[in-house]
Undergrad: 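The following block contains the structure, expressed as structure tokens.
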Amino acid sequence: MEGDSAQRDSTTPDDAPLTSFIPTISIISPAYDERPNIIPLTEAISRTMAGIAWELIIVDDDSPDGTAQEVLKAAQAGFPVRCIRRIGRRGLSSAVVEGALASNAEYIAVMDADLQHDESILPDMLRLLRDGKADLVIGSRQEAEGGFGGFSGKRQRLSDLGARLSALVIGSKVSDPMSGYFAMKRDTFHACIYDLSQQGYKILLDILTSSPRQLTIAEVPYAFRSRSEGKSKLDVMILAEFLFLLIEKLTRGLIPPRFVLFCLVGGLGLVFHLLILRVMWMAGAGFMSAQITASYCAMALNYVVNNAVTYRSQRLKGWRFVLGYFVFSAVCTVGAVANIGVADLVLAGAGNSWPLAGIAGALMGAVFNFGAATKLVWSQRRRPRPAIVKAMT
Ligand SMILES: Nc1nc2c(ncn2[C@@H]2O[C@H](COP(=O)(O)OP(=O)(O)O)[C@@H](O)[C@H]2O)c(=O)[nH]1
Ligand SMILES: [Mg+2]
């Protein structure tokens with residue numbers, strides 16, 4: 001393994017003059033459990049980017065396989081690579097955003113760490129940006145000369161469907177809006193950072209739909225490779241998150257994706273609640289005791305499902321999980337009071353309309369529970385896992 005500056009020592013002597021290195025392009029690579037791919041990726045980029053000042057920023061979500069240590073190894077070998085290691089966090093889109101925010105370069109590229117994206121088109125992408133031909137260049141898997149070598153038929157059909165749905169939101173024809181491989185001017189990225197959803201996998205779609213101005217987009221075709229090391233992290237939840245991202249963008253940010261999930265889980269809890277009421281009624285219990293039991297059982301179910309699904313990137317474990325349940329129950333109890341209070345007010349002001357009062361109350365309860373649970377139960381301030389701390393010492 002030999003980096004651009006492998007001839008130099010990997011560490012700089014203390015008395016060397018201070019200099020700053022601002023590359024032309026930062027390549028941001030989100031990585032989770034990609035240890036075997038880090039060195040081959042760095043070497044491949046290094047070969048293709050000869051003559052261009054580049055850096056690679058790997059954004060690792062504290063991968064248990066030691067991805068971060070592998071990045072350090074590549075840096076020690078002289079490659080211009082560094083790692084942003086996030087603790088207690090997960091998520092491809094937010095990883096890309098954090099990596100891009102850490103860049104000082106004029107151009108930013110985003111590329112997977114698993115070698116599925118063909119690095120040899122990076123210089124072409126950069127040239128299009130530098131020549132002012134585009135604000136954003138997409139490495140496109142769907143152009144005629146490109147291909148889907150590494151895609152199964154099912155994945156390709158899913159991707160096609162996603163592209164058609166995305167076209168509704170973007171309102172322009174981009175052949176591969178689902179691509180995770182693209183490059184842009186720094187200004188293009190910074191102009192939309194406050195409007196990014198940062199949820200899920202589809203950061204390109206997020207950027208395209210958040211840009212305050214019409215972007216000039218170019219596409220460079222390439223053949224998508226198969227993964228040879230590690231495995232894909234795409235699962236059904238990530239597909240659901242994609243749909244929620246579309247909803248958020250179609251409603252112009254009024255409905256955050258997590259809120260949709262939170263409400264779906266609430267609906268599940270309601271069904272469970274009614275089921276328990278029915279069982280207790282059949283067993284001859286009084287209404288009040290059945291109602292209280294059903295409420296707390298539904299709360300417990302909602303808590304467990306929200307922890308596993310809605311807030312899975314901040315999933316609580318161990319004693320935090322137990323503590324979280326009590327806070328969640330308290331939040332839901334206050335939410336129920338807010339629900340009844342609002343319903344009562346609406347009932348008085350809306351000509352005794354039960355459905356209207358019921359909907360207003362339920363909406364109030366859902367919004368309150370969502371806001372309070374996000375802030376109080378699943379807030380992102382968490383400590384590193386002890387096992388990883390040990391591995392680093
Ligand atoms: N930091 C970070 N990277 C992720 C996460 N999920 C996936 N990745 C990385 O994002 C890239 C694309 O993910 P992958 O699972 O290969 O998706 P696929 O190519 O669509 O099957 C890979 O480099 C992954 O290691 C995550 O939660 N956090
Ligand atoms: Mg992949």
Side-chain angles (χ1 to χ4, degrees), residues 27-42 44-45 56-71 74 81-102 109-119 138-142 146-163 166 176-182 197-206 222-242 245 309 311-315 380 385 388:
I27 301 157
I28 315 298
S29 217
Y32 190 79
D33 275 353
E34 301 289 2
R35 194 184 53 77
N37 291 321
I38 298 298
I39 304 259
L41 174 77
T42 316
I45 294 176
L56 174 62
I57 303 178
I58 302 279
V59 189
D60 161 57
D61 285 351
D62 204 18
S63 306
D65 77 344
T67 296
Q69 286 91 326
E70 199 71 359
V71 179
V81 53
R82 61 194 163 102
C83 180
I84 294 178
R85 182 174 170 199
R86 308 193 305 170
I87 306 291
R89 311 265 306 279
R90 274 302 299 273
L92 193 155
S93 287
S94 62
V96 167
V97 170
E98 280 179 45
L101 285 175
V110 177
M111 184 183 176
D112 287 355
D114 57 8
L115 299 165
Q116 290 196 276
H117 294 161
D118 180 359
E119 68 291 334
I138 303 175
S140 165
R141 297 165 296 188
Q142 288 180 323
F148 276 89
F151 251 14
S152 69
K154 198 166 137 209
R155 271 297 295 273
Q156 185 173 342
R157 279 195 297 280
L158 263 179
S159 190
D160 288 347
L161 176 69
S166 310
D176 193 5
M178 314 284 286
S179 173
Y181 190 17
F182 56 97
S197 143
Q198 297 192 42
Q199 301 287 325
Y201 249 45
K202 299 304 166 194
I203 181 65
L204 172 61
L205 185 65
D206 205 358
Y222 77 98
F224 191 64
R225 298 187 195 122
S226 320
R227 220 182 215 281
S228 56
E229 295 288 344
K231 59 178 194 296
S232 171
K233 282 97 207 167
L234 188 96
D235 61 15
V236 72
M237 267 312 301
I238 283 168
L239 294 177
E241 278 171 356
F242 167 65
L245 174 67
V309 178
Y311 297 93
R312 68 179 182 154
S313 56
Q314 295 119 267
R315 193 173 292 170
Q380 297 195 336
R385 291 186 307 237
I388 297 305

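This structure is a prediction, so every number in the text was calculated from the model and none was measured. When a ligand or atom number is given, it counts from 1 through the structure's own listing order.
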Undergrad: Short list, please: which atoms of ligand 1 are under 4.0 Å from a heavy atom of A113?
TA: 23 (O)
Undergrad: Work out the angle at the Mg ion (ligand 2) between OE1 of Q116 and OD2 of D114, rounded to 10°.
TA: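 Taking the Mg ion (ligand 2) as the apex, I get 90° for this pair.
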Undergrad: Distance under 4.0 Å to a non-hydrogen atom of E34: what atoms of ligand 1 satisfy this?
TA: 22 (C), 23 (O), 24 (C), 25 (O)
Undergrad: Using a 4.0 Å heavy-atom cut-off, say whether A95 meets ligand 1 through its side chain, its backbone, both or neither.
TA: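 Near ligand 1, A95 shows its side chain, while the N, CA, C and O stay back.
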Undergrad: Please answer whether the main-chain N or O of Y32 pairs with a side-chain N or O of T67 as donor and acceptor at a distance below 3.5 Å.
TA: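 Answer holds: no.
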Undergrad: Need the ligand 1 atom indices (1-based, order shown) with element for anything under 4.0 Å from a heavy-atom of G91.
TA: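 In order of numbering, the contacting atoms are 26 (C), 27 (O), 28 (N).
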Undergrad: Under a heavy-atom criterion of less than 4.0 Å, does A31 contact ligand 1?
TA: yes
Undergrad: Determine whether D60 and V71 make a side-chain contact, defined as any pair of heavy atoms from C-beta on separated by less than 4.5 Å.
TA: no
Undergrad: Would you give the length of the straight line joining atom OG of S179 to atom NZ of K202, rounded to the nearest 0.5 angstrom?
TA: 8.0 Å
Undergrad: For the residue pair A74 and V81, what are the closest heavy atoms and their distance?
TA: CB-CG1, 3.7 Å
Undergrad: Are the side chain of Y181 and the backbone of Q116 linked by a donor-acceptor contact shorter than 3.5 Å?
TA: no
Undergrad: Can you tell me which portion of Q116 lies within the under-4.0 Å heavy-atom range of ligand 1? Options are side chain, backbone, both, or neither.
TA: side chain
Undergrad: D114 heavy atoms, cut-off 4.0 Å: which ligand 1 atoms fall inside?
TA: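 Atoms satisfying the 4.0 Å criterion: 16 (O), 19 (O), 23 (O).
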Undergrad: Looking at ligand 1, does R227 have a heavy atom less than 4.0 Å from it?
TA: yes
Undergrad: With heavy atoms of D112 as the reference, note each atom of ligand 1 found under 4.0 Å away.
TA: 11 (C), 12 (C), 19 (O), 23 (O)
Undergrad: Determine whether I45 and M111 make a side-chain contact, defined as any pair of heavy atoms from C-beta on separated by less than 4.5 Å.
TA: yes
